[in-house]
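Notes follow once the structure below has been shown.
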Amino acid sequence: MKIAVVGKGGSGKTTTSAIVARVLARQGTAVVALDGDTNPNLGLSLGIGVEETERLVGMRQALDAAEGEHAADWDSLLDLFGSDGPDGVRFAVVSQIDNPEPGCP
Ligand SMILES: Nc1ncnc2c1ncn2[C@@H]1O[C@H](COP(=O)(O)OP(=O)(O)O)[C@@H](O)[C@H]1O
Ligand SMILES: [Mg+2]
C-alpha cells in the first residue's frame, strides 16, 4: 500500500504521516517513509533526531545541487540515503517536486 500525504503548510501532514508510519511499524508492518516536503522535518517526528535528520536533508540538498550520485534503484536508495527510526520505520529524504505537471502523482 502507498499513502501520500499532501496539504497546506501547518495542516498536520508531518504529524499525521509520522503517527501512521510509527503505528503501522510497531504493529509489524514494513514501513518506508519518504519526506519530499519543502520543509523536510518528518525525521524529527519519526524519532530519528535532529542531527540525523539534518544529515539526510543535507544529502538531498547536495543531490539537488547536482553534487553526488543519485541511487540507481530502490534498494540502494535506502542503503545510501536511508535511516531507521526507533519504531522500525525506514526513512529517507527525497527530492521535492518543484513544478508538478497535471497528472504528476
Ligand atoms: N490533529 C491535530 N490536532 C492539533 N494540533 C495538531 C494536529 N496535527 C498537527 N497539529 C499541530 O499543528 C502544527 C502543524 O503540524 P504539522 O504536522 O507540522 O503540519 P505540516 O506538516 O502540514 O506543516 C504542529 O504544531 C502540530 O503539533
Ligand atoms: Mg511538515
Side-chain angles (χ1 to χ4, degrees):
M1 184 190 337
K2 294 175 184 154
I3 303 173
V5 180
V6 298
K8 291 170 66 173
S11 59
K13 299 182 296 297
T14 299
T15 307
T16 303
S17 303
I19 290 171
V20 169
R22 294 182 77 156
V23 167
L24 287 173
R26 282 188 195 186
Q27 291 174 345
T29 303
V31 179
V32 176
L34 302 174
D35 193 352
D37 205 319
T38 50
N39 182 20
N41 54 14
L42 180 59
L44 302 181
S45 298
L46 288 175
I48 287 183
V50 177
E51 209 170 293
E52 180 64 359
T53 299
E54 287 179 351
R55 189 182 73 83
L56 297 176
V57 170
M59 285 199 291
R60 177 179 98 178
Q61 289 167 340
L63 287 176
D64 288 345
E67 297 164 6
E69 290 284 315
H70 285 261
D73 53 40
W74 174 246
D75 288 324
S76 57
L77 183 144
L78 290 173
D79 287 343
L80 291 170
F81 303 109
S83 199
D84 293 333
D87 293 307
V89 177
R90 304 201 71 196
F91 173 65
V93 181
V94 297
S95 292
Q96 69 200 50
I97 299 169
D98 290 324
N99 297 301
E101 299 289 340
C104 177

> Measuring from L80:CG to H70:NE2, what's the distance to the nearest 0.5 Å?
Replying inline: 12.0 Å
>> I need the minimum non-hydrogen distance between D64 and S95, along with the two atoms involved.
In response: OD1-OG, 2.8 Å
> Who passes salt bridge (Lys or Arg N to Asp or Glu O under 4.0 Å) against D87, sequence neighbours left out?
Replying inline: R22, R26
> Which heavy-atom pair separates A92 from L77 by the least distance, and what is that distance?
Replying inline: CB-CD2, 3.9 Å
> Would you say V31 and I3 are hydrophobically clustered, going by side-chain heavy atoms of ILVMFWY under 4.5 Å?
Replying inline: yes
> How long is the gap from CZ on F91 to CG on L34, to the nearest 0.5 Å?
Replying inline: 8.5 Å
>> Rounded at 0.5 Å granularity, tell me how far OG1 in T14 sits from CG in N41.
In response: 4.5 Å
> Short question: side chain of R60, backbone of V94 - any donor-acceptor pair under 3.5 Å?
Replying inline: yes
> How many angstroms lie between atom CG of L46 and atom CZ of R90, to the nearest 0.5 angstrom?
Replying inline: 13.5 Å
>> Is it the case that the side chain of S11 and the backbone of K8 share a donor-acceptor pair, with hydrogens and angles ignored and the cut-off at 3.5 Å?
In response: yes
>> Is there a path of hydrophobic side-chain contacts, each under 4.5 Å between heavy atoms, that joins V23 and M1?
In response: no
>> Count I, L, V, M, F, W, Y as connected when their side-chain heavy atoms are under 4.5 Å apart, and connections chain through other members. Are L44 and F81 then in the same cluster?
In response: no
> Do S76 and D73 meet the criterion of a side-chain donor-acceptor pair at a distance under 3.5 Å?
Replying inline: yes
> How close do A33 and L42 get, heavy atom to heavy atom, and via which atoms?
Replying inline: CB-CD2, 4.1 Å
> How long is the gap from CD1 on I48 to CG on L56, to the nearest 0.5 Å?
Replying inline: 6.5 Å
> Any donor and acceptor pair, going by atom type alone, linking the side chain of T29 with main-chain N or O of A25 inside 3.5 Å?
Replying inline: no
